Amino acid sequence: MRELIREPLDSVAFSAKYGPWAVIAGASEGTGECYARELAAMGINLVLVSRRLPALKALGEKLKAAHGIEYRAVAQDLTEQDAGLRIVEAADRLDVGLYISNAGADGFGSFFEDSTDAAHRLVRMNISTLIDATNGFGKAFLERGKGGIIVMASGAGLGGQPNLVMYSATKAFELNFAESLWAEYHERGVDVIAIAAPIMRTPMLLRTVPEGFDVSDVYDPADVTHNALAGLLAGEPIQIVPDGPGQEKLPQVLADRKDRLAGFVEFNKTFTGG
């Protein structure tokens, strides 16, 4: 697989800031499972959310046995109406310090040839569910004075792509949504990071790509999720992992987005009085 240098991560500081409970939406496999494994190794308890309850329970039991954590397994289709509200309700009475929005994969499609049913499902999953869940957890984070939100977006959100019309569009929403939340709340104790994720060797990828597709040069999802956790603790607003056509330009794109965001934070203070 393609190398991605892992950033340093102080697990003690991380668990102190974002524990004792974390909620992962889209936790049954792939990047969600990678998040769960690393957080559990830090001693952080987990609320695991996805459609597949048996897979969640199996993962939770493994992590409980290995690390002594507690977990809740929550069966929830993230494309359903009010799914975000139900995720917040599922973590009721728990001291949650971290919410990870980790769902939103989509297969290739042809927008005009297909119906809009799948498009609306993707909007509910990547936009409506994200809005309701982050709003609910974010309010609690403000009250407790600390907390973190990770939004797993995609490099597809950096611009349009053929056959990924809705995926690209909703991932662009996720990037701007998370950056804006960082700009508004990072000075008030709530850390938010957007991840423009690359192509990774996940079960979803292997189910999606055509037979014979070369997956030898894709990223290890555990490396990507580790750096997301490290970036959150470091106070970064966004990570862009170089991938695809024009990838050599993406480090500058990342720098420009960070500079622009920091500039708007200061600009906004002229309206709010600091």
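Just so we're clear, the structure is a prediction, and the values are computed from it rather than from any experiment.
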Leu158 vs Leu250 side-chain heavy atoms within contact, under 4.5 Å
yes
request  = Find out whether Val96 and Phe141 are in side-chain contact, i.e. whether some heavy atom of one side chain is under 4.5 Å from a heavy atom of the other.
outcome  = yes
Taking the side chain as every heavy atom from C-beta outward, state whether Leu59 and Arg37 have any atom pair closer than 4.5 Å.
yes
Tightest non-hydrogen contact, residues Arg52 and Glu29, listed as NH2-OE1, 3.0 Å
Q.
Membership question, hydrophobic clusters at under 4.5 Å side-chain separation (ILVMFWY): are Tyr219 and Leu254 in the same one?
A. no
For Ala91 and Val23 the tightest heavy-atom approach is CB-CG2, 4.0 Å
Contact check, side chains of Asn126 and Phe173, non-hydrogen atoms, under 4.5 Å
no
In short, Gly157 meets Ala172 closest at the heavy-atom pair O-CB, 3.4 Å
**Asp243 side chain near Arg2 side chain, heavy-atom distance below 4.5 Å** = yes
| Salt bridge present between Asp223 and Arg6 (N-O < 4.0 angstrom) | yes
In terms of heavy-atom contacts, Glu187 and Val265 come closest through OE2-CG1, 4.1 Å
Practice item. Determine, step by step, whether Tyr18 and Leu233 satisfy the side chain to side chain contact (heavy atoms under 4.5 Å, CB included) criterion, reporting the C-alpha distance in whole Å, the side-chain angles of both residues, the deciding distance to 0.1 Å, and the verdict. Key: CA-CA 9 Å; Tyr18 304 117; Leu233 184 60; 3.9 Å; yes
(message) Between Glu89 and Arg86, does any side-chain N to carboxylate O distance fall below 4.0 Å?
(response) no
Run the numbers on Tyr35 and Ile150 for side chain to side chain contact (heavy atoms under 4.5 Å, CB included), then give the verdict. CA-CA 11 Å; Tyr35 276 123; Ile150 298 175; 3.5 Å; yes
